[in-house]
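Working notes for the structure below.
In what follows, chains carry the letters A, B, and so on, assigned in the order in which the sequence lines appear, proteins first and then strands, with residues in each chain numbered from 1.
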Number of protein chains: 2
Amino acid sequence: MKKNILLGHGSGGKLSHDLINNLFVRYFDNPTLNSQTDSALLKIKGENIAFTTDSYVVDPIFFPGGNIGKLAIAGTVNDLSVAGATPLYLSSSFIIEEGFPIDDLEEIVKTMASEAKKAGVKIVTGDTKVVDKGKCDKVFINTTGIGQLEEKHKNISSGKNIKSGDKIIINGTIADHGMAILSARNELKITSDIQSDCACLNKMIKKVLDVSDKVKFMRDATRGGVATVLSELVDKKNYGINIDESSVNVNENVKGICEMLGFDPMYVANEGKVVIVAGSEDADKIIKTLQKDEFGKNSSIIGEITENHSGKGWITTEIGGKRIIDMLSGEQLPRIC
Amino acid sequence: MKKNILLGHGSGGKLSHDLINNLFVRYFDNPTLNSQTDSALLKIKGENIAFTTDSYVVDPIFFPGGNIGKLAIAGTVNDLSVAGATPLYLSSSFIIEEGFPIDDLEEIVKTMASEAKKAGVKIVTGDTKVVDKGKCDKVFINTTGIGQLEEKHKNISSGKNIKSGDKIIINGTIADHGMAILSARNELKITSDIQSDCACLNKMIKKVLDVSDKVKFMRDATRGGVATVLSELVDKKNYGINIDESSVNVNENVKGICEMLGFDPMYVANEGKVVIVAGSEDADKIIKTLQKDEFGKNSSIIGEITENHSGKGWITTEIGGKRIIDMLSGEQLPRIC
């Protein structure tokens, strides 16, 4: 008989303990978590740390290329990595709907354990809440991460060393995640073979930082897509951005669905793409490094930082026109991550 | 006209930015948060840190003595404090139901800012997700915290130095939070003047650690109540616990509702109570220190660690009987925190 989550699994009593031991401790298995104190006790060398949080509410929770658990690890690992930090420790907190199948929860937890292992991070503390049926949608997961930051990387997240002439790089095709989620939603009756690009990028990013000390800025292009990263990057700055649309790689099937439904791939979410701004002298070296990595095969230089039109991003379209890169107004796709 | 949360507030685009700036940055205001990088960059002295996470799904979100925001700060601050750590930084992540009144969200955020300020912690990073109407219940909040841990306090969370003869102390009346929440739920048609005990205990706990180096263990008695803390404490240990029920303070109105509805106060949730195990030589000193604090006025010694009946907790009831302290099985009150 299939077992489902009961309200008692969130009570803090016997059922909670059984769930924690049979599922979370079993799969996330490490001495810090296993000690089951309310706070994980950690050691971190160096006084600079990066700290980031995200709650994941993606719908559907299982999608081509991943599930909510993979997303919860990759999203938070990537947020630390783009700050130039080495991701070390994650917390994971579950809000589960009463009646949710324990088999599905196990599948998600297994994926999280395997992704965390691949990325070299440890899930050291957690929490489980159960809400009555109809009061949440299956399962929501928060992961919060701690990374160690070397002094020399501390300006990467603000991008304060960016100057005109710097190149803008992306590690592959865009809009895959958003269109995979959209296709996976039954209501649209679309069938496609689009896979989410959801992946932990920390090892690839480390290779880039190892070959170049000219990385000025990195940001993962999730909600709001590449356009939102670029528009935030130039906001109130004394430089602008020129993007060459023909250099931005988009898979054919993704392009097709975007055209059919009226989405601009530049605004569609990714979960395995990082926008890198780097000194032009190192751009080729970085591209070569990225292209050797499994998550960077289709990397390209998509544009550059300009002295002109400060505070604005411009894109030269494939047919030769020019349009401004604005911040997304309103909602494009809800519950994409 | 009253404004409500729209799906677009979770898009990562313009509406998200407006919400972040007009609400979160405005109230949580500190340079780290204000820089709005995806990861907060922090400095922590010493290599030992404590790290803890909790998602708050309390129903109702406003209750006598607090709201979900106060709970989200106090709960996580207390988890760090009972590990013997000094709480420093919090993340806050919101999952909000489409249509939720922005005025209510502002009230919650204001409370969080004020509680964080009182406790001396900074909210340095955050996340906002919006789900379609009916897919969550108003608002859920995750807070994850980092504290600094001095070497000399690192055995407090495991309780490894506990020995028989140590005294068990609690800082006041129990079961207030659980019964306040229950009374606040409309379905029971109970009116009472019970207030939740929800409070940040870090300053009180610091005073205790300053006067005594004989604190062997601390744990906040939330879900599952004092009984669950005690039953976890003795589980698989070579010592037992004797509790004297007549020394456990319970407010008269709380006792009344518990009796009426068949709840045992020992299993009802608290949000401002810490169970302290300390060497008997320091017990009186600790009680005096607690009683001088606003959150410790009704502190008492409720029992002691025993050589006998190892692995078991026993309670001597007010009428002179004895019963075992078991772990809560099943659900007592869902969505209490």
Would you check if the side chain of [X] reaches a backbone N or O of [Y] as a donor-acceptor pair within less than 3.5 Å?
X      : Y     : answer
B:T125 : A:T52 : no
A:R223 : B:G10 : yes
A:N48  : B:K43 : no

With a 4.5 angstrom heavy-atom cut-off, which part of [X] approaches chain A: side chain, backbone, both or neither?
X      : answer
B:E232 : side chain
B:T144 : both
B:L80  : both
B:D18  : neither

Charged N-O contact under 4.0 Å between A:D326 and B:K14: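 A salt bridge is absent here (no side-chain N lies under 4.0 Å from a carboxylate O).
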Less than 4.0 angstrom from a charged side-chain N to a carboxylate O is my criterion; do B:K129 and A:D54 meet it?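 Here B:K129 pairs with A:D54 in a salt bridge, since their nearest N and O are under 4.0 Å apart.
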Which region of [X], side chain (C-beta onward) or backbone (N, CA, C, O), has a non-hydrogen atom less than 4.5 Å from a non-hydrogen atom of chain B, or is it both or neither?
X      : result
A:V82  : neither
A:D59  : neither
A:L149 : side chain
A:T128 : backbone
A:I44  : both
A:E98  : neither
A:L90  : backbone

Would one find more than 12 heavy atoms of other residues, nucleotides or ligands at under 6.0 Å from atom NZ of B:K237?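 Yes, because the 6.0 Å sphere around NZ of B:K237 holds more than 12 heavy atoms from other groups.
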Check whether more than 12 heavy atoms from other residues, nucleotides or ligands sit under 6.0 Å from atom NZ of A:K216, and answer yes or no.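 Check passes, neighbour count above 12.
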Drop me the distance from [X]'s [atom1] to [Y]'s [atom2], to the nearest 0.5 angstrom.
X     : Y      : atom1 : atom2 : result
A:L15 : B:L328 : CG    : CG    : 9.0 Å
A:S11 : B:Y267 : OG    : OH    : 11.5 Å
B:E47 : A:K45  : CD    : NZ    : 6.5 Å
A:S35 : B:K160 : OG    : NZ    : 12.0 Å
A:Q36 : B:D235 : CD    : CG    : 10.0 Å
A:I49 : B:L41  : CD1   : CG    : 9.5 Å

Which atom names give the shortest non-hydrogen contact between [X] and [Y], and what distance separates them?
X      : Y      : result
A:R335 : B:V130 : CG-O, 4.0 Å
B:F51  : A:S91  : CE2-N, 3.6 Å
B:G12  : A:T228 : O-CG2, 3.5 Å
B:S92  : A:T53  : O-CG2, 4.1 Å
B:S55  : A:D127 : N-OD2, 2.8 Å
B:D79  : A:S39  : O-OG, 3.0 Å

Pick from A:A85, A:A50, A:S16, A:G224: which one has the most heavy-atom pairs with chain B under 4.5 Å?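 Most heavy-atom pairs under 4.5 Å with chain B: A:A50.
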Most contacts with chain B, counted as non-hydrogen pairs under 4.5 angstrom, among A:L42, A:T37, A:I146, A:D137: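 Of the options given, most contacts go to A:L42.
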For chain A, find which of B:I336, B:V124, B:D132 contributes the most heavy-atom pairs closer than 4.5 angstrom.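 Top count of heavy-atom pairs under 4.5 Å with chain A: B:D132.
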Among the options B:G145, B:S157, B:A83, B:G46, pick out the one with the most heavy-atom pairs lying under 4.5 Å from chain A.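 The answer is B:S157.
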